[in-house]
Amino acid sequence: MLRPLLRWLPQILLLCLLALLLGWLGHNVLEHMRERGIRAGFDFLLDPAGFEIGEGLLAYDASQPMWRAFLTGSLNTLRVALPAIFLATLLGVLIGLGRLAEHPLLRRLCGALVETLRNIPLLLQLLICYFALTGLLPEASNALAPLPSVLISKSGLFLPALDCSAACTLDLPLTEGFGISGGWSLSPEFLAVLIALSLYSAVFIAEIVRGGIQSVARGQIDAARALGMRPLQVLREVVFPLALRAIVPPLGNQYLNLIKNSSLAVAVGYPELVSVANTSLNQTGRAFECIVIVMAVYLTLSLITAALVNLYNARVALRGTR
Amino acid sequence: MIRLPRKLTILWILLAAALLWPLFSWGLVHAIWSADLEACRAARGIGACWGVIVEKHRLLLFGRYPFEEQWRPLLATLLIIAVLCAACWRQRWQLRFAALAGLALLLAVALMRGDIGGLSPVPTKLWGGLPLTLLVSLGGTLLAFPLAVLLALGRRSSLPLLRSLCVAYIELIRGVPLISLLFMAAFLFPLLLPTAWRLDILPRVIVSIAAFAAAYLAEVIRGGLQAIPAGQLLAARALGMRTWQALLWIVLPQALRKALPALVNSFVGIFKDSSLISIVSLHELTGALSLALGGDADWRSFYLEGYLFIAFIYWAFCFALSRVGKGLETAR
Amino acid sequence: MHGISLRRLSLTLPLLLASLLATPAHAGKTLDVIKARGNIQCGVSTGVAGFSLPDSQGNWSGFDVDLCRGIAAAVLGDANKVSFVPLNSQQRFSAIQSGEVDVLARNTTWTLNRDASLGLSFTGVTYYDGQGFLVPKKLKVTSAKQLKNAEVCVQSGTTNEKNLADYFRSQGIKIKPVVFEGFEASFKAFFSGRCQAYTTDISGLAGVRNKEAKNPDEYVILPEVISKEPLGPAVRRGDDEWFAIVRWVAFALIEAEEYGITRANVDRIRAENKDPAIGRLLGSTEDSGKLLGLDRDWAYRSIKAVGNYGEIFARNVGPESVLKLPRGLNNLWNKGGILYAPPVR
């Protein structure tokens, strides 16, 4: 009789306490809103947004409802996070291998790179990247053209694009007036976020890769070499498959961090989710609602990433036990 | 050790050399070291202008803190650094040291705040630069720590309701970016509290950083707890200790010691994350830079040098701390 | 079992935190709070030349700053009893809602949306502004309609952002906004050449051009004014007494200019005056202050401290100042402008 009581009583008390705390906070919010006539609710999502968004995957303009703005922002988050994940993984593997290389100079260089980048806040790296892109490159009217029809300037990177709306033609970027029109454009804000995110995450991934490879038993590598495999072959056929099991779980964590870190893009004005939420928060005053939307979207992204990693993890682990 | 194809190795090294040489020539060989605007303008694009740091170092390091009172943040910063250094010295970890460290930190805050001992009061909105970065990250961690211990214990508790509450909190916080919590501190906190409790933005931000850090610290501490064999707790119970006594005196100290390197790494993370508070307009190191250079048309063109200087400060702190963390790892 | 100890701890911790962090202030009417506290918390910008800008010593100056000083002089008898709280465009509304500041004088545009849904009330218009564009001269642009395809730097969370979208949509011109968090970040990007044009209120453009540009002559403000931007102070909704005080201090300063009362001659006029209207304003013949909950010298002290509207304008944004703005709309109604203060009577 007494034991279940002892077990449940404190928990229920805690729950009551929590409910009380939340209730008190909620009461305060309502009180403030009533006193000052602040509007609340998610109905603003249906109102026209009224502000433009500089870039995005969807066709969007200011007359569209607010939820479209949020959607555009969320897609912009993915638009920078997914390529960054790809680049970071690629770079991370290269740097991680470099840290284990036999050549001492290469090893030291990679070590120095890791120690430098991971000890400087991402925000600062992002600002430096952005400053370098907008401060050091020429203006759009006399853009650099390292390759024909590839233009680099303060207005970003312009590449030829395939336009297949009518018949497939190549849409070339042209300097027109003071801007560049046509082609496939990547803004300096996007590029800064992409570069900074990739580099910052890459050094963490490099450490994970290094740890994973170091966990592969020495004998395995020696055996592969003794069989006459070439260095790349050893890596591809023996080391990577074995290391993968140790690498995948922390790698998934890094991907999660990368997606969350993309929220820093607000500092350089890349219109991702937080930036859009921040703007609409100011235009509508719905602070609570906007923050809730941001959190919900990130939580969903986190859950999806976690699920994907778990799925992959299960497959890798299975192969290991076979 | 891995043998890489020679071509790849050479490519790597050439790439590094191609990047490092111009940096070296710009940053050291052709750099201007004095606060000479004309010389800096002349050297633009060829050499760095470190003179901008000489010119603006007070604003960079202390933000808007009243100019003639800046010995106070300087002293506070030195105090905090001294505490951090002393904390790295393992033999000194006794209760007496903790008390002394706490006292030193309180003294640092008192120095910054003023209003006692004849010091003029300085409102928190004038605080800035390095001392603010240190106070926010240290304050956030210290506040987060007890909460993290509770969360870690709760997550491993046998009480289902408690456990799921802790899990929910940890996973929720770990799933969202810090910036959303900072926005909460800036925009939502004032609505959550009664009008009468007027909280400054600084404590609000510290609380939200603590709430964020607690979730991550909790996972680290949980890792430490998991490494303690169950026999320890049982043995303590057999000796007649209550569960909470056994946890407090037997399990936790060992778990924390096991988790120590990871805890130091978490602190490095919080230290770096504190740069985000510049987004809610607090002028810690990153924010102080725009304070120092943003409003000055002459020196504004040398932002890059300012960024690099601040990056170096962060780097020095983080590198030193992570070295300490590594030392603890191998000391075991 | 160990839930018990946890509960005990979890009980004490929030209480401890709360007691550590809470600094209880006096709740109640704003005026009483201000009097008890002995100063006014005035929300200003983080640094807009001419309106509110701190110097390197942390002394604030500007049009909005003077307005707050005038209110402090009227309410507390001392123009220095103001503490300025710098707010960015995102924080300003939550600061006034939460009571962090008593009055928001932060070149904020009065709009229906803000007036109706943000929990604040604008007390009136103190500066009639409009949105314009700043471009580098070397682009040889003479009209905003030539900005096709251009990138325009703008600050987020402002009415400017919405006006920009509206204007170019109505003109059928496609432009690309580049949105920045802060005022400083936005003009920094413009001066670095990231954008071909910069947009904000004309007064802000003048400040940015004359104060922040390395060489102001390289930039030109385009003739188009694309919006109405009535700027004015705002207070928390729900306190009519405080609302009236802020509103009438501004009116009194405008009326003082109408009567030709300046900082220099206010004492003489008060002593020699025969005009009953001036007597009412300066409190020499009638006590207009008691209607506001203030004493009879309120307007006198305000004028004595910061001067009349014309003086504040001239000192901070007028032709003699760094901004070099003409009076334009912000002249008195009988001098070609639209400033028309209701009578103090």
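First the proteins, then the strands, lettered A, B, ... as listed; each starts at 1. From a predicted model like this one, the values you see are computed outputs, not experimental measurements.
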For chain B, the option from A/Ile120, A/Leu105, A/Leu15 that forms the most heavy-atom pairs under 4.5 Å: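 Option with the top pair count is A/Ile120.
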Under 4.5 Å from a heavy atom of chain B, the part of A/Val294 involved: side chain
Heavy-atom pair count under 4.5 Å with chain A, highest-scoring of B/Ser180, B/Ser301, B/Pro160: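 Counting heavy-atom pairs under 4.5 Å, the top option is B/Pro160.
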Criterion side-chain contact (heavy atoms from CB on, under 4.5 Å) on A/Trp24 and B/Leu193, from CA distance to verdict: CA-CA 9 Å; A/Trp24 180 67; B/Leu193 300 175; 4.3 Å; yes
Top contributor to chain B contacts, counting heavy-atom pairs under 4.5 Å, from A/Leu106, A/Leu232, A/Asn257: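 Of the candidates given, the most pairs with chain B belong to A/Leu106.
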Proximal component of A/Leu273, with respect to chain B [non-hydrogen, under 4.5 Å]: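 Neither the backbone nor the side chain of A/Leu273 comes within 4.5 Å of chain B.
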From A/Gln11 atom CD to B/Leu162 atom CG, the distance as rounded to the nearest 0.5 Å: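 One finds 6.0 Å between CD of A/Gln11 and CG of B/Leu162.
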From A/Leu123, A/Asn278, A/Val274, residue fulfilling side chain to side chain contact (heavy atoms under 4.5 Å, CB included) relative to B/Ile279: A/Leu123
Chain A interface, residue from B/Trp315, B/Trp12, B/Phe187 that has the most non-hydrogen pairs under 4.5 Å: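 Heavy-atom pairs under 4.5 Å are most numerous for B/Trp315.
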Close contacts, residues 295-303 of chain A versus chain B, judged by heavy atoms under 4.5 Å: A/Met295, A/Tyr298, A/Leu299, A/Ser302
Within residues 108-118 of chain A, residues adjacent to chain B where the heavy-atom gap is under 4.5 Å: A/Leu109, A/Glu115, A/Thr116, A/Arg118
Structural part of A/Phe131 lying under 4.5 Å from a heavy atom of chain B: side chain
Pairwise distance CD(A/Glu31) to CG(B/Leu191) - rounded to 0.5 angstrom: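 The CG atom of B/Leu191 is 12.0 Å from CD of A/Glu31, to the nearest 0.5 Å.
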Test side-chain contact (heavy atoms from CB on, under 4.5 Å) applied to B/Phe183 and A/Leu281, step by step: CA-CA 10 Å; B/Phe183 277 158; A/Leu281 183 156; 5.5 Å; no
Donor-acceptor contact below 3.5 Å, side chain A/Asn28 vs main chain B/Leu192: yes
Heavy-atom contact with chain A under 4.5 Å, split by part of B/Leu161: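 Both backbone and side chain of B/Leu161 come within 4.5 Å of chain A.
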Distance (rounded to the nearest 0.5 Å) between B/Leu159 CG and A/Trp8 CH2: 8.0 Å
Heavy-atom donor-acceptor pair, A/His103 side chain to B/Ile13 backbone, under 3.5 Å: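 Between the backbone of B/Ile13 and the side chain of A/His103 there is no qualifying donor-acceptor contact (under 3.5 Å).
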Segment of B/Ser322 engaging chain A (4.5 angstrom heavy-atom cut-off):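 For B/Ser322, the contact with chain A is made by the side chain alone.
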Heavy atoms of other groups near B/Tyr303 OH, more than 12 under 6.0 Å: yes
Pairwise distance CG(A/Leu124) to CG(B/Leu276) - rounded to 0.5 angstrom: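 Those atoms lie 11.0 Å apart.
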For A/Asn253 against B/Arg174, the heavy-atom pair lying closest together: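 Looking at all heavy atoms of both residues, the shortest contact is OD1-NH2, 4.5 Å.
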Distance in Å, B/Phe312 CZ paired with A/Asn119 CG, rounded so as to fall on 0.5 Å steps: 11.5 Å
Main-chain N/O of B/Ile179 paired to A/Lys260 side chain as donor or acceptor, under 3.5 Å: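 Judged by distance alone, no pair lies under 3.5 Å.
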Spacing of CG belonging to A/Leu136 relative to CG belonging to B/Leu304, to within rounding of 0.5 Å: 6.5 Å
Between B/Leu172, B/Asp273, B/Leu20, the one whose heavy-atom pairs under 4.5 Å with chain A are most numerous: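 Sorted descending by pairs with chain A, the first entry is B/Leu172.
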Which atoms of A/Leu256 approach chain B - backbone, side chain, both or neither, heavy atom under 4.5 Å: neither
Residue B/Arg44 versus chain A: region with a heavy atom under 4.5 Å: neither
